[in-house]
Amino acid sequence: MNYRMVATDGGVEVSLEGVLNFAANDDFLSMLRALSRDRPKSVIFDLSGLTGIDSVGLGLLYIAHEDIAGMGAALTLSSARDSVARLLDLTEAHKTFRVIA
Amino acid sequence: MVGVMGPMPMTVAVYDDWLVLAVRDNCDLAPADSLAEVVTATGMPQVTGVRVDLRVAVATPATIRAVLAAEEAARRRDWRFRLNGCDTLLPLDAAAAAHDWGGGWTGIAPVRLGQPDAAGLRAGLTPPYRAFFQTAGGDMAMVGARCVEAVRRGGLAVSVATDAACALDIAQHFDHAVFSRGWRDDSEQGNLMVLCLAEAIGNAIIHGNLGMDGGLRTGRQGFERFSTLMAERLGDPARAGRRIEVSLHPHGETIRIAVRDQGDGFDDHARPDGGPSSDTMQGRGLSLMRKSARQVWYEDGGRVVVLEFAVPNQEQETAG
């Protein structure tokens with residue numbers, strides 16, 4: 001998995017690319033550390049570049065949600081597609097995250 | 001029509017009524033090894049209706065390559081199976097050999113061998129190939145019998161080491177191969193297969209071959225420890241070299257995809273199943289597999305998970 005962070009008005013948009021799975025731990029945790037340093041008011045994960053995900057990757061999203069909530073910010077998941085969108089649906093991610101198309 | 005893979009450093013098979021001899025680059029056939037001797041040794045004379053090209057009089061690698069190259073040029077035939085020492089052929093069993101898989105291949109299944117990378121994996125799962133096996137020098141001994149059997153029955157297979165499985169997106173490649181061969185459709189249920197495969201392969205790597213406790217992945221600190229431990233275990237050659245094998249077996253109106261690891265196994269009845277919960281960060285894997293597949297069960301003390309899916313129609317694979 002690769003990620004790219006872009007500052008927005010008071011927040012950060014993070015574009016995730018590749019596969020968010022058990023092999024993405026290091027990159028994802030590195031991204032979370034960067035967010036912890038910057039302490040943005042809002043965070044959007046743009047998932048349109050994700051081609052795959054598994055339950056470990058989903059767990060990473062939940063950890064990000066906890067971390068970001070701990071900063072007093074909100075996490076939005078945006079533009080998930082294909083299998084990523086299906087996994088979010090199956091696991092009722094909308095009950096935890098703000099999910100937008 | 002049959003092909004034969006024998007203990008000798010070459011493979012003999014039938015392709016479009018031509019005898020094809022695939023020779024490994026490192027093979028050392030003596031000039032005296034005539035084609036007749038090879039044919040006798042492999043039982044090929046028992047095959048009826050096969051025209052043997054007797055112009056391949058002396059079966060040295062150079063001669064075989066020269067003859068096939070001349071044939072290719074003369075007949076304008078696309079010999080898609082290159083005798084480059086990185087492939088082999090496996091014979092299909094009687095039932096699979098009787099099926100018209102298309103593509104001009106009769107009775108045999110080409111298999112891509114070699115070091116693992118995305119291009120090799122993709123090629124190995126693209127017709128006419130049916131498998132990708134990570135091998136050293138073409139040594140098939142490290143490939144599990146279930147993979148070989150899957151190919152012989154007209155299925156698909158991948159066998160790689162754990163470190164390679166971490167770097168390759170096997171689930172996506174395998175799912176694409178299943179879809180392109182008509183074993184799943186584009187329905188909502190069919191599209192869940194890739195999630196199911198990703199879970200099964202991830203479990204085999206993490207819990208099976210790397211022997212890691214899923215309970216570590218609780219909270220950020222837990223994931224930090226999980227990440228560190230995973231890197232340590234991938235640095236252990238004994239664990240990193242353990243095999244991850246994915247094999248597809250056609251089974252009537254269903255396909256069965258087996259994911260095998262070489263870990264310690266587990267007690268299936270004691271395995272937690274957290275369900276597709278929205279408020280837990282782990283335990284979703286098995287539930288997702290059960291939601292996607294028609295049936296899920298374990299074999300070999302938990303080292304093999306078998307996922308059964310309905311095939312959309314009985315035509316199955318026609319693209320070959």
Side-chain angles (χ1 to χ4, degrees), chain A residues 1-2 16-37 47 49-71 75 77 80-99, chain B residues 163 165-173 175-176 188-207 210 212 214 216-231 234 274-289 291-292:
Chain A
M1 186 209 76
N2 296 312
L16 305 180
E17 296 177 356
V19 181
L20 184 59
N21 66 1
F22 56 86
N25 289 329
D26 289 344
D27 291 328
F28 197 90
L29 291 171
S30 162
M31 181 264 290
L32 285 185
R33 289 185 202 109
L35 287 176
S36 297
R37 282 194 305 271
L47 307 183
L50 277 187
T51 57
I53 190 170
D54 68 2
S55 62
V56 179
L58 188 64
L60 288 168
L61 293 179
Y62 276 88
I63 286 173
H65 169 73
E66 283 186 354
D67 266 25
I68 291 165
M71 301 173 207
L75 173 61
L77 304 182
R81 58 188 180 89
D82 301 334
S83 63
V84 180
R86 280 188 284 277
L87 186 69
L88 295 181
D89 282 346
L90 274 176
T91 55
E92 301 177 324
H94 64 277
K95 291 184 176 176
T96 302
F97 304 92
R98 179 169 179 253
V99 181
Chain B
D163 50 1
C166 285
L168 296 168
D169 189 358
I170 297 174
Q172 293 275 2
H173 286 293
D175 176 69
H176 178 74
E188 190 171 337
Q189 190 67 23
N191 283 316
L192 293 178
M193 184 181 289
V194 68
L195 290 174
C196 197
L197 288 175
E199 289 306 318
I201 293 168
N203 284 343
I205 292 171
I206 295 169
H207 305 304
L210 298 183
M212 295 175 62
L216 280 174
R217 302 197 313 266
T218 304
R220 173 142 165 208
Q221 298 305 317
F223 250 104
E224 299 266 9
R225 288 195 299 275
F226 178 85
S227 185
T228 301
L229 185 60
M230 186 168 169
L234 281 172
S277 167
S278 60
D279 58 3
T280 61
M281 287 188 281
Q282 55 174 322
R284 299 183 190 85
L286 183 56
S287 173
L288 280 172
M289 288 193 287
K291 208 172 184 71
S292 314

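Every chain is numbered from 1, with letters handed out A, B, ... down the list of sequences. The figures that follow rest on heavy atoms only: side chains count, while hydrogens, waters and symmetry mates do not. Please read these numbers as outputs of a predicted model, since none were measured by experiment.
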Return all side-chain donor-acceptor pairs below 3.5 angstrom for residues 192-199 of chain B, not counting sequence neighbours, or 'none' if the list is empty.
unit_1    : atom_1 : unit_2   : atom_2 : d
Glu199(B) : OE1    : Ser55(A) : OG     : 2.7
Glu199(B) : OE2    : Ser55(A) : N      : 2.5
Glu199(B) : OE2    : Ser55(A) : OG     : 3.4

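Between chain B and the options Leu61(A), Asp54(A), Asn21(A), Asp82(A), the largest number of non-hydrogen pairs under 4.5 Å is found for Asp54(A).
Asn191(B) touches chain A through backbone and side chain together, each having a heavy atom under 4.5 Å away. For chain B, the nearby part of Ser36(A) is the side chain; its heavy atoms alone come within less than 4.5 Å.
Between Leu60(A) and Phe28(A) the shortest heavy-atom distance is O-CE2, 3.2 Å.
Annotation: Phe97(A) is in aromatic contact with Tyr62(A) [ring centroid separation under 6.0 Å].
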Check: Hey, mind stepping through Thr91(A) and Arg86(A) against side-chain hydrogen bond (donor to acceptor under 3.5 Å, both in side chains) and telling me if it holds?
Finding: CA-CA 9 Å; Thr91(A) 55; Arg86(A) 280 188 284 277; over 6 Å; no

